[in-house]
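Here is the structure we will look at, set down as structure tokens.
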There are 2 protein chains.
Amino acid sequence: MQKAAVGKNNEAIAAQLAPVGRETVQDRVYSELRRALIGGLFEPSQVLTIRGLADALVTSTMPVREALGRLITEKALEALPNRSVRVPPITLERLDDLLRARVLIEGEAIALAAARMGPRQIAGIETILAEWDEMRALKHKKDVDREVTLNQSFHFEIYRSCGSAVLIPMIESLWLQSGPCIRVAIYAFSEAGEVDTAQYHRRIVEALATQDAHAAREALAADISRPFTFLRNKLQSAAAKDQT
Amino acid sequence: MQKAAVGKNNEAIAAQLAPVGRETVQDRVYSELRRALIGGLFEPSQVLTIRGLADALVTSTMPVREALGRLITEKALEALPNRSVRVPPITLERLDDLLRARVLIEGEAIALAAARMGPRQIAGIETILAEWDEMRALKHKKDVDREVTLNQSFHFEIYRSCGSAVLIPMIESLWLQSGPCIRVAIYAFSEAGEVDTAQYHRRIVEALATQDAHAAREALAADISRPFTFLRNKLQSAAAKDQT
DNA sequence: GATTATGATTTGTGATCACACTTGCTTTGA
DNA sequence: TCAAAGCAAGTGTGATCACAAATCATAATC
């Protein structure tokens with residue numbers, strides 16, 4: 001399978017060596033910005049500058065501007081007519097729009113995954129649930145970052161089983177777009193002594209374990225919808241208050 | 001609404017003048033490459049070089065490399081481990097994957113559009129149908145380019161009515177990904193004295209005119225599926241021939 | 001004669017510079 | 001006192017250069 005150029009009897013050596021992997025600076029910048037966006041480290045409507053990010057990431061402007069361009073095409077960022085870029089602001093319409101798309105596409109992905117996940121994969125996501133419980137057990141410090149990360153791992157572990165190289169990047173794009181909004185909701189959840197997210201996740205796992213695609217889709221929709229409807233109400237009441 | 005900086009009594013002049021619009025070179029390169037991709041001007045598996053494209057488009061490498069980066073994140077192009085980029089090759093799995101995603105997402109878009117399209121919009125897409133008929137009437141020259149363009153206009157005119165700023169970019173990405181494949185199919189159609197695409201389109205228009213979302217979705221699925229299943233059979237028979 | 005080594009050419013990546021546009025502040029003039 | 005002009009700092013865009021890695025053709029070696 002490997003290139004023949006490694007020589008005749010170098011397979012033995014090659015088996016011992018891990019591929020070194022040449023990640024470009026641009027890739028690192030891109031990943032870092034993605035992480036920040038999904039994690040909600042940037043606020044909606046916040047303006048980003050190339051030189052500012054380059055300084056923060058300790059590189060030159062070149063990798064940053066290319067990474068920004070990529071994020072703009074994914075709609076994770078927005079190019080203003082002034083040619084400055086910002087993270088898209090939250091509006092009611094956009095919230096509903098994102099929710100609908102996520103339920104549609106992630107629902108399809110989990111329905112596909114339900115038919116394809118074996119005990120091996122189920123065990124994998126149960127591990128993540130266990131980690132979640134562990135984290136909640138010692139809840140002195142509300143580690144929102146960790147919550148976000150675990151939630152992400154849980155969902156994408158499932159989506160990866162759907163076997164679609166087309167759907168997964170779309171889902172990533174949707175997470176990128178809803179990341180900055182969701183963070184706001186999760187914060188508010190944490191403060192409001194929320195209903196535990198784990199319940200929703202457990203329901204998803206049950207459906208997957210019994211290969212029930214329909215139930216999985218429903219449970220997932222419920223899980224996704226929660227922060228969205230929460231945020232929706234918050235926005236609406238804020239708008240009502242502005243009116244008065 | 002306009003900037004106050006235009007002065008006091010310059011509104012009269014401003015009304016006469018069209019905004020000049022400052023498109024960047026990168027934007028033009030990007031659009032041009034998109035057009036080429038959707039139109040199927042590049043073959044699957046074809047390798048593209050930055051300097052080569054820059055020469056062809058008569059610019060420097062800078063706008064090209066950024067445009068390529070954007071297309072790669074949309075999965076319209078593929079970055080090889082060698083760091084060269086190519087248009088993704090066709091495989092059976094990828095074909096099925098793309099078809100499923102397109103039926104899912106474009107189906108949702110047309111279902112939404114069905115409830116929102118008024119007589120005004122219906123008339124718009126009927127105009128496109130008329131252009132199509134006109135083109136077919138004088139069919140001395142099989143103008144595949146024009147077929148592709150009209151087909152695209154027809155579909156996106158509908159999708160634009162769905163009112164979702166999230167779904168439309170995803171659909172564009174899907175067209176970008178399936179463009180190089182579809183072109184192959186359309187060529188083959190033209191040669192094979194095809195069943196007229198217009199029939200399928202007319203069925204879609206009928207469903208939309210009666211606001212029948214379900215029928216519209218079905219008709220659209222049939223329209224989209226045609227070139228895919230055609231290509232699928234072609235690929236399979238080719239694979240079978242290779243076996244022998 | 002097949003495989004490996006060597007060198008030239010090509011290609012992507014990142015840094016830097018020049019230029020144009022934007023923005024915010026100061027100054028000017030009525 | 002206030003709006004318009006002018007100025008300065010900041011910012012995105014595109015061109016160019018330096019460098020490293022890849023590719024390909026040729027030569028050397030077993």
Side-chain angles (χ1 to χ4, degrees), chain A residues 2-14 17 19-33 42 45-73 76-87, chain B residues 2-11 13-14 17 19-33 42 45-73 77-87:
Chain A
Q2 289 285 356
K3 269 259 192 74
V6 285
K8 277 182 175 179
N9 279 349
N10 293 14
E11 285 85 2
I13 299 178
L17 262 37
V20 63
R22 292 185 310 108
E23 209 184 16
T24 69
V25 177
Q26 183 193 151
D27 289 336
R28 272 197 295 277
V29 171
Y30 178 68
S31 309
E32 193 59 22
L33 292 180
F42 297 134
S45 298
Q46 182 178 349
V47 175
L48 304 178
T49 66
I50 294 180
R51 284 172 171 94
L53 290 174
D55 288 349
L57 296 166
V58 198
T59 45
S60 79
T61 62
M62 184 60 61
V64 174
R65 63 200 264 193
E66 302 197 337
L68 284 187
R70 291 168 68 179
L71 289 167
I72 289 171
T73 68
L77 296 175
E78 195 180 36
L80 295 148
N82 318 334
R83 304 215 165 148
S84 56
V85 344
R86 69 170 174 187
V87 8
Chain B
Q2 288 286 355
K3 266 256 190 77
V6 286
K8 280 183 176 178
N9 279 348
N10 291 14
E11 285 85 4
I13 299 179
L17 262 35
V20 64
R22 294 185 309 109
E23 209 185 15
T24 69
V25 177
Q26 183 193 150
D27 289 336
R28 273 197 294 277
V29 171
Y30 177 68
S31 309
E32 192 59 23
L33 292 180
F42 297 133
S45 299
Q46 182 178 349
V47 174
L48 304 178
T49 66
I50 293 179
R51 284 172 172 94
L53 289 173
D55 289 348
L57 296 166
V58 197
T59 46
S60 78
T61 62
M62 185 60 63
V64 174
R65 62 198 264 192
E66 301 197 338
L68 285 187
R70 291 168 68 180
L71 290 167
I72 288 171
T73 69
L77 295 175
E78 194 179 35
L80 280 68
N82 319 333
R83 303 213 167 151
S84 56
V85 344
R86 68 170 175 187
V87 9

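The chains referred to below are lettered A, B, ... by the order of the sequence lines, with proteins before strands, and numbering in each begins at 1. When reading the values below, keep in mind they use all heavy atoms of this one structure, side chains included, and skip hydrogens, waters and symmetry mates.
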TODO: Tell me what B/Glu66 touches on the nucleic acid: a base, only sugar-phosphate, or nothing, going by heavy atoms under 4.0 Å.
DONE: nothing

Open item on the list: Nearest to the B/Pro63 side chain among D/dA15, C/dG12, C/dG14, which nucleotide is it?
Closed with: D/dA15

- [ ] Determine, stepwise, if the pair A/Arg83 / B/Thr24 fulfils side chain to side chain contact (heavy atoms under 4.5 Å, CB included).
- [x] CA-CA 10 Å; A/Arg83 304 215 165 148; B/Thr24 69; 3.3 Å; yes

- [ ] In whole angstrom, give the distance that lies between atom CG of B/Leu57 and atom C1' of D/dA15.
- [x] 16 Å

Open item on the list: With side chain to side chain contact (heavy atoms under 4.5 Å, CB included) as the criterion, how do B/Leu68 and B/Leu53 come out once you've worked through the C-alpha distance, each side chain's angles and the decisive distance to 0.1 Å?
Closed with: CA-CA 10 Å; B/Leu68 285 187; B/Leu53 289 173; 3.9 Å; yes

- [ ] Could you say whether A/Gly52 or B/Val25 is positioned toward the 5' end of DNA chain D, judged by the nucleotide with the nearest heavy atom to each?
- [x] A/Gly52

- [ ] Locate the shortest heavy-atom distance separating B/Ser31 from B/Glu23; write the atom from each residue and the value.
- [x] OG-OE2, 4.5 Å

Open item on the list: How many whole angstroms separate atom CG of A/Asp27 from atom P of C/dG14?
Closed with: 8 Å

Open item on the list: Just the rounded figure in Å: distance from C1' of D/dA22 to CD1 of B/Ile50.
Closed with: 14 Å

Open item on the list: What is the separation between atom CG on B/Leu48 and atom P on C/dT10, rounded to the nearest whole Å?
Closed with: 19 Å

Open item on the list: Using whole Å, what does the distance between atom P of nucleotide D/dT13 and atom CZ of B/Arg70 come to?
Closed with: 10 Å

- [ ] Could you tell me the separation between the CG atom of B/Asn82 and the C1' atom of C/dG12, rounded to a whole number of Å?
- [x] 11 Å

Task: Listed partners of A/Asp55 passing salt bridge (charged side-chain N to carboxylate O under 4.0 Å, His left out), at least two apart - done: none

TODO: Output the single nucleotide from D/dA15, C/dA15, C/dG12 whose closest atom is nearest the side chain of B/Thr49.
DONE: C/dG12

Task: Identified side chain to side chain contact (heavy atoms under 4.5 Å, CB included) counterpart of A/Val64 within the set A/Val25, A/Val29, A/Thr49 - done: A/Val29

- [ ] Record whether the side chain of A/Arg51 comes under 3.5 Å of the base of D/dG10 through a donor-acceptor pair of N or O atoms.
- [x] no

Open item on the list: I need the CZ-P distance between A/Arg86 and D/dG12, as an integer number of Å.
Closed with: 15 Å

- [ ] To the nearest Å, give me how far apart CG (B/Asp55) and P (C/dT11) are.
- [x] 9 Å

Open item on the list: What I want to check is whether an N or O donor and acceptor connect the side chain of B/Arg65 with the base of C/dG14 at under 3.5 Å.
Closed with: yes

Open item on the list: Using heavy-atom distances to pick each residue's nearest nucleotide on DNA chain D, tell me which of A/Val85 and A/Met62 is more 5'.
Closed with: A/Val85

